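Source: prediction; values computed, not measured.
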Amino acid sequence: MELSAISSVLETIGMLTQQVTSLLGVDDQVESLERELRWMQSFLKVAGSRKADDEVMRNKVADIRDLAYDAEDVIETFALQVASKRKAGFSNCIKRSACCLKEGCLLYQTKSEIEKITVRISELTRQLKTYDVTKLGVDGEGPSSSARRRESRRPYPHIVDDNIVGLDGDIKTLLPLFIDEESECSVVAICGMGGLGKTTLAKKIYQHDQVVSHFKYLAWVYVSRQFQKRKIWEDILSKLSSTNERAWNSLKPAFPIERNSNSKILLTSRRKEIVSHANPRCYRCVLRCLNYKQSWELLQKIAFPRLDFAGYGVDAKLREFGKDMVKHCAGLPLAIIVLGGILATKNNSLNEWQKVSTNVKAYLKRDTSDVKDVLALSYDDLLPYLSPCFLYLSLFPEDYEIRKGRLIQLLIAEGIVSPNQEEDCGELAEDVAEGYLMELVERCMIQVCERDIATLEVKTFQMHDLMRDFCMSKAKEEKFFYIVDQSNACSSSTDQGFRRISMHEYCRIQCIKSTKLRSLLFFKEIPIEALRPRSLVSYEEGESSFCNPLASILFISIIGISLLKLKGIWTYMLNNFKLLRVLDLEPINDFLGCKLPTDIGNLIHLRFLSLRDLSFVRSKLPSSLGNLRCLQTLDLRLERGSCSHSNSIYVPNVIWRMLQLRHLYLPSKCKSRTKLKLGTLRKLLTLLNFNTKSCYVKDLINMTNLRELEINGPFKIENFNELDKNPPIIQAKYLHSLSIISNEIDTRHLTHLLSCCGNLHKLRLAVEISKLPEYHYLSSNLVYIKLVRCKLEEDPMPTLEKLPDLRVLEFYDKAFKGKEMFCSAHGFPKLESLSLMYLENLEELKMDEKAMPSLRGLEIGYCPNLNILPDGLRFITTLEKLKIESMPKTFIAKVLQGREHVPFIIVRD
């Protein structure tokens, strides 16, 4: 059983109590509460490490969770009602004097509530010590469910499954690594998520006739999580399913893997880092899910065991059901085998198959299912800090591509990763959170969807459908969240006990009754039908012309009623969810009323607020935003006002108060009277849509932690001297990404800005300049450059080809106005991808013989005057793909004539 999610809640409580103990009136009570909570946290760590699985233990853990939540509620409510009103200043003192009686009552109530919680904790502590429940499932009650799962999944080499699909290619690849005398590979590892067939593939290799005849001795070893060396040596002919770093360090001396040895080691593991630790030079085979054709083939082998017999036929309707059901397995072989086993017991009954078809996932998720057990083993093996990160992923809808940056910001805002420990560990919370996510990737529990083409950093994640189903079931056990989806969107009210709600489908916000809500995430827009009365909707559908005066009146009425309903949504949300930490409205992507209400400033506990892509009638943000002092992420990239002729947003000068801000996304265009002071935001890591019309350039110097900067609009440096004689305008040594979109920037100012960014990795320029800055003003660490609408008159290649690490170079939309580009020998030593798009004047691209020696992809499109590819391209042996789009037919013909040296060519009109 996993208790780490509760440990995370208790850690958050500890941080809150540290903040509130400085407030007079509740010091003693909070200190006592904190001591009790720390003991509880220690207990949870012990219980979690033993993985005890017992009903008594589950009940006690639930009690601890409820106590922690109650303590959190009391302290945060006190901070909301009392602490937030304790401001300095004479006028504030007078205001507070008038409320002394009310504040005294609140203090008394808070003390009383904390004392009640402390008594409950003391009683629970007594019970835990009296009955010593941490020993349950360890000494007196037999093995835990985790141990039983591992034992049931223990593999035996003599048991080989004949129903194998999709592994022939892997067998063909791996076999030579074991039997070829010239192979220097001493360790081969098979990795992948549970249920992909790692052990099945290992058995096929282990028992292959060529392997058996090649080696004098073969041993199959199993290493459990609680391994014992003596036991392993005694059971040397047992099996190996998974290991860990400590186990491998202990066992490695017994395995001869030197280069002059003929011995080979074959490992299987869900954890890629174990494989790398075993031998950095090992060959790693990462298994993938089956495609649809392979999935259907495997299902037939299991569901129709007599399919190979002559004269055996399968009903067409059964095939139709089977082909539909196998999609729910998402290519996971184990799930397909389980489903096939279920169907094989139905005696080809059309009625029985239809019953299974109507609810496939329910069959696969049953407690007795092998699928659930296999996935549970990965979860059981998670370290305490990884479990809440994993559970949090279940808040996202099925098949949803999760942006890494947004997920990291949410994890920090939720307190799952704490920024308060940065000084102790010397690592930013964002880096810690990314490390946690990459650990889940290494453990094959989440999948990488997209990587950055230049830096290869992960951009988006996704969960396998069945892994997500398992994740959701565990999260529900922990009362980690409540999801509004098609199954419950129409219900009258949500469960009041949940503190996180994820809206996968729209439901009336008034149905959410929990006043203790901490996180509200939307993944579905509000349907327009929900904002209109039904009688008006039906009338409007039948009315096609607004020439009718009645139709016009009806339209105005609908608008008015919609605005009132939207106002009601905001009023309910801001008055009932005052303890919110996360409010993510981005996916709504729609019109949301007259204006952003002033009451948004009541949500003083907010850490994450996203208003991206929302639109309002009035494009003015309230000054009450300045009350949100705890904000870490603020996204103000709203759409323009719905009924406004201007597409700009007014932002009041209050952001400087948000001293905890780490990620700030300003509107793409601010009103002329907007002028923001940002110099106090010393923790800022991300700043988008900055410009010197709405902000002050001098404030950049204080943002020493800045990692990503986007300048959108005018950029001017006041009192600028000659180049190289100006003080730096930015001193962020970790700034790795810079984007500039501006029609109003002096080339000298651009050059000076670039010279201050010595560690840049990515540069995007959408500025009109006749010539690029000299090479020595550019960061030598650049790996990605994109130039858009620059209208360069001078060939940029002689400058850019000197960058030693440049891997991706893109020219778009009149980035270059000249007629000729030339790449000299040994230029662009690491360039892998080059794009030339919409360069209308380009007539010739020349390359010396040894230019771009690492080029793998070339994209050319919408360059009507370019007649032929450079002759030097034929010397580039690394070129894999050539993409041609909307080019003259003569150009395409010449390309296709000399295609011998390019393996893959794509031509699009």
Flag the pair [X] / [Y] as yes when at least one side-chain heavy-atom distance between them is below 4.5 Å, and no otherwise.
{"X": "Q409", "Y": "Q632", "answer": "no"}
{"X": "I876", "Y": "M847", "answer": "yes"}
{"X": "L869", "Y": "K894", "answer": "no"}
{"X": "D399", "Y": "Q462", "answer": "yes"}
{"X": "K404", "Y": "F461", "answer": "yes"}
{"X": "I412", "Y": "R607", "answer": "no"}
{"X": "I740", "Y": "L753", "answer": "yes"}
{"X": "F828", "Y": "M797", "answer": "yes"}

What closest approach, in Å, do [X] and [Y] show between heavy atoms, and which atom pair accounts for it?
{"X": "L834", "Y": "M852", "answer": "CD2-CE, 3.7 Å"}
{"X": "I730", "Y": "C756", "answer": "CG2-CB, 3.6 Å"}
{"X": "K716", "Y": "V697", "answer": "O-CG1, 4.1 Å"}
{"X": "N689", "Y": "P667", "answer": "CB-O, 3.4 Å"}
{"X": "S854", "Y": "P829", "answer": "OG-O, 2.9 Å"}
{"X": "E401", "Y": "T460", "answer": "OE1-OG1, 3.3 Å"}

H663 and T686: side-chain donor and acceptor closer than 3.5 Å?
yes

Apply side-chain contact (heavy atoms from CB on, under 4.5 Å) to L634 and L628, showing your working.
CA-CA 10 Å; L634 176 60; L628 309 181; 5.8 Å; no

Distance in Å, [X] [atom1] paired with [Y] [atom2], rounded so as to fall on 0.5 Å steps:
{"X": "S779", "Y": "H736", "atom1": "OG", "atom2": "NE2", "answer": "12.0 Å"}
{"X": "E832", "Y": "L809", "atom1": "CD", "atom2": "CG", "answer": "13.0 Å"}
{"X": "L754", "Y": "L760", "atom1": "CG", "atom2": "CG", "answer": "7.0 Å"}
{"X": "L676", "Y": "T674", "atom1": "CG", "atom2": "OG1", "answer": "6.0 Å"}
{"X": "K791", "Y": "D813", "atom1": "NZ", "atom2": "CG", "answer": "9.0 Å"}
{"X": "C630", "Y": "Q660", "atom1": "SG", "atom2": "CD", "answer": "7.0 Å"}

Within the side chain of [X], is there an N or O that forms a donor-acceptor pair under 3.5 Å with the backbone of [Y]?
{"X": "E849", "Y": "F875", "value": "no"}
{"X": "D635", "Y": "R612", "value": "no"}
{"X": "Q731", "Y": "I701", "value": "no"}
{"X": "S755", "Y": "Y777", "value": "no"}
{"X": "R807", "Y": "A454", "value": "yes"}
{"X": "N721", "Y": "N726", "value": "no"}
{"X": "N691", "Y": "S694", "value": "yes"}
{"X": "D848", "Y": "K850", "value": "no"}
{"X": "D699", "Y": "T680", "value": "no"}
{"X": "R451", "Y": "L456", "value": "yes"}

Identify the residue among E859, K883, K786 that makes a side chain to side chain donor-acceptor pair (under 3.5 Å) with S835.
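For S835, the side chain to side chain donor-acceptor pair (under 3.5 Å) test succeeds with only one of E859, K883, K786, which is E859.
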
Under the salt bridge (charged side-chain N to carboxylate O under 4.0 Å, His left out) test, which residues partner E844, sequence neighbours left out?
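For E844 there are no salt bridge (charged side-chain N to carboxylate O under 4.0 Å, His left out) partners, ignoring immediate neighbours.
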
Would Y392 and L407 satisfy side-chain contact (heavy atoms from CB on, under 4.5 Å), going step by step from the backbone distance to the final call?
CA-CA 9 Å; Y392 198 82; L407 176 57; 4.0 Å; yes

Within 45° cone of Y784 ring axis and under 6.0 Å: K762 NZ or CZ:
yes

Looking at Y696, I'd like to know if the NZ or CZ of K675 sits under 6.0 Å from its six-membered ring centre while staying within 45 degrees of the ring's axis.
yes

[X]/[Y] ion pair, N-O < 4.0 Å:
{"X": "D795", "Y": "K846", "answer": "no"}
{"X": "E430", "Y": "R662", "answer": "yes"}
{"X": "K830", "Y": "D805", "answer": "yes"}

Take the angle between the ring planes of F720 and H752 and call it parallel below 30°, perpendicular above 60°, tilted in between.
perpendicular

Around Y734, counting heavy atoms of other residues, nucleotides and ligands shown, do more than 12 lie under 6.0 Å from its OH?
no

Kindly indicate, with the supporting measurements, whether the criterion side-chain contact (heavy atoms from CB on, under 4.5 Å) is fulfilled by L631 and L625.
CA-CA 10 Å; L631 269 182; L625 282 172; 5.8 Å; no

Can you check side-chain contact (heavy atoms from CB on, under 4.5 Å) on E718 and T692, steps first, answer last?
CA-CA 10 Å; E718 301 290 343; T692 55; over 6 Å; no

